[in-house]
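Throughout, a chain's letter reflects where its sequence line sits, starting with A, and its residues are numbered from 1. Just so you know, these numbers use all the heavy atoms, side chains as well, and skip hydrogens, waters and symmetry mates.
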2 protein chains.
Amino acid sequence: MSLPFDVLADPTRRRLLELLRERPRPVGELVDELEMSQPRVSKHLRVLREAGLVTVRVDAQRRWYELRPQPLAELDAWLEPYRRLWCESLDALERHLDARPEQPGEPGRADGSWGPKCPGGGGGSERGE
Amino acid sequence: MSLPFDVLADPTRRRLLELLRERPRPVGELVDELEMSQPRVSKHLRVLREAGLVTVRVDAQRRWYELRPQPLAELDAWLEPYRRLWCESLDALERHLDARPEQPGEPGRADGSWGPKCPGGGGGSERGE
DNA sequence: TCCCTGTATGTCATTGACGTTATATGCCGT
DNA sequence: ACGGCATATAACGTCAATGACATACAGGGA
């Protein structure tokens, strides 16, 4: 329980996760990247640590922070029951757009920016589970 | 942009989404379900509306709120670059646990509460896209 | 041992979110 | 037109998160 929504609500913390996605880093490096005061970064790291989103490896006076993706997996699990919904509506949208090729007034959604991977591939309303 | 993290950070709003996941509902029904004051619910609905997470259909003096899952799809897209990470670490964990069957000191994670669906099914580190 | 580097924490003021109570708006039935 | 129901908004107090600044702590090298 205790999904990490509130932790992820802060843009600074999301940037930290992005940086740590590439590789573990010591605090000073994160400070340099984010161009923020060191206490500020340390406090956000503390929040991330308490939420289990990062772990620390102590190396002399340097602390290497490392991403711990498990809470994000729980977030992904939370999304699960909603996934089918946007697949369905995406499907409906596709059929809709299919009928009228490119309405000039509406902002184009013809690119791939939309539904990232509906389970069924083709995007049907079937459910296996 | 403007991911719905801060909107979803509130438990009340998540409960609202849960209720609306089943079917569209008028405000009064949501108030009854949540056992909260009507202004409180209305304000949260406003936040959800402004974030695009719900839409309203006006029916006389009743307002039917309906879930709009697109922003959740964007959240899902945000998760994408992290997904492979927990698949990898889950994989590593599996191998790890496989080696030592049930350490008594650690809290058991042997149940299925873990990684919901890594793309590759078996949980490998392959990537097909 | 002393100092310097790297990092964490304490204090404090500011800000914004949240909840409650009171009130406004809009639509219906009579 | 009037009263009442369903919902939105306003005003206000409260509380927690955030950030800046100052300081504490720990380890390493001289």
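Atom CG in Leu34(B) sits roughly 15 Å away from atom P in dC18(C) (whole-Å rounding). In this structure, Glu35(A) places its CD atom 15 Å from P of dG19(D), rounding to the nearest Å. The nearest whole Å value for the distance from the CZ atom in Phe5(B) to the C1' atom in dA17(C) is 19 Å. Note: CZ (Arg25(B)) to C1' (dA6(D)) measures 17 Å, nearest angstrom. To the nearest angstrom, C1' of dA17(D) lies 13 Å from CG of Asp6(B). Atom pair Trp64(B):CH2 and dA6(D):P shows a separation of 12 Å (rounding to whole Å applied). Taking atom CZ of residue Arg15(B) and atom P of nucleotide dG19(C), one finds them 11 Å apart after rounding to whole Å. Distance Met36(B) CE to dT20(C) C1': 13 Å, rounded to the nearest Å.
Backbone-only engagement by Asp10(A) is indicated by non-hydrogen atom pairs under 4.0 Å involving sugar-phosphate atoms exclusively.
Using a 30° and 60° split on the angle between ring planes, Phe5(B) and Phe5(A) fall in the tilted class, from 30° to 60°.
Judged purely by distance below 3.5 Å, without hydrogens or angles, the side chains of Glu74(B) and Gln70(B) never pair a donor atom with an acceptor atom.
The environment of Glu35(B) atom CD is sparse: at most 12 non-hydrogen atoms of other residues, nucleotides or ligands sit within 6.0 angstrom.
Looking at Thr55(A) and Arg49(A), their side chains never come closer than 4.5 Å, going by heavy atoms from C-beta outward. Looking at heavy atoms from C-beta onward, Leu30(A) lies in side-chain contact with Leu20(A) at the 4.5 angstrom threshold. A heavy-atom distance below 4.5 Å is found between the side chains of Thr12(A) and Arg40(A).
Within residues 37-53 of chain A, the residues that have a heavy atom under 4.0 Å from DNA chain D are, in order of number, Ser37(A), Pro39(A), Arg40(A), Lys43(A), His44(A).
Note on Tyr65(B): a side-chain N or O is less than 4.0 Å away from OP1 or OP2 of dA8(D). Put simply, Arg13(A) has a side-chain N or O that comes within less than 4.0 Å of OP1 or OP2 on dT18(D). Arg63(A) has no side-chain polar atom (N or O) that falls below the 4.0 Å cut-off from OP1 or OP2 of dA26(D).
Distances were taken from every side-chain heavy atom of Gln61(A) (C-beta onward) to each of dA6(D), dG27(D), dT7(C); the shortest belongs to dG27(D).
In this structure a side-chain-to-backbone donor-acceptor pair under 3.5 Å is present from Arg25(B) to Leu19(B).
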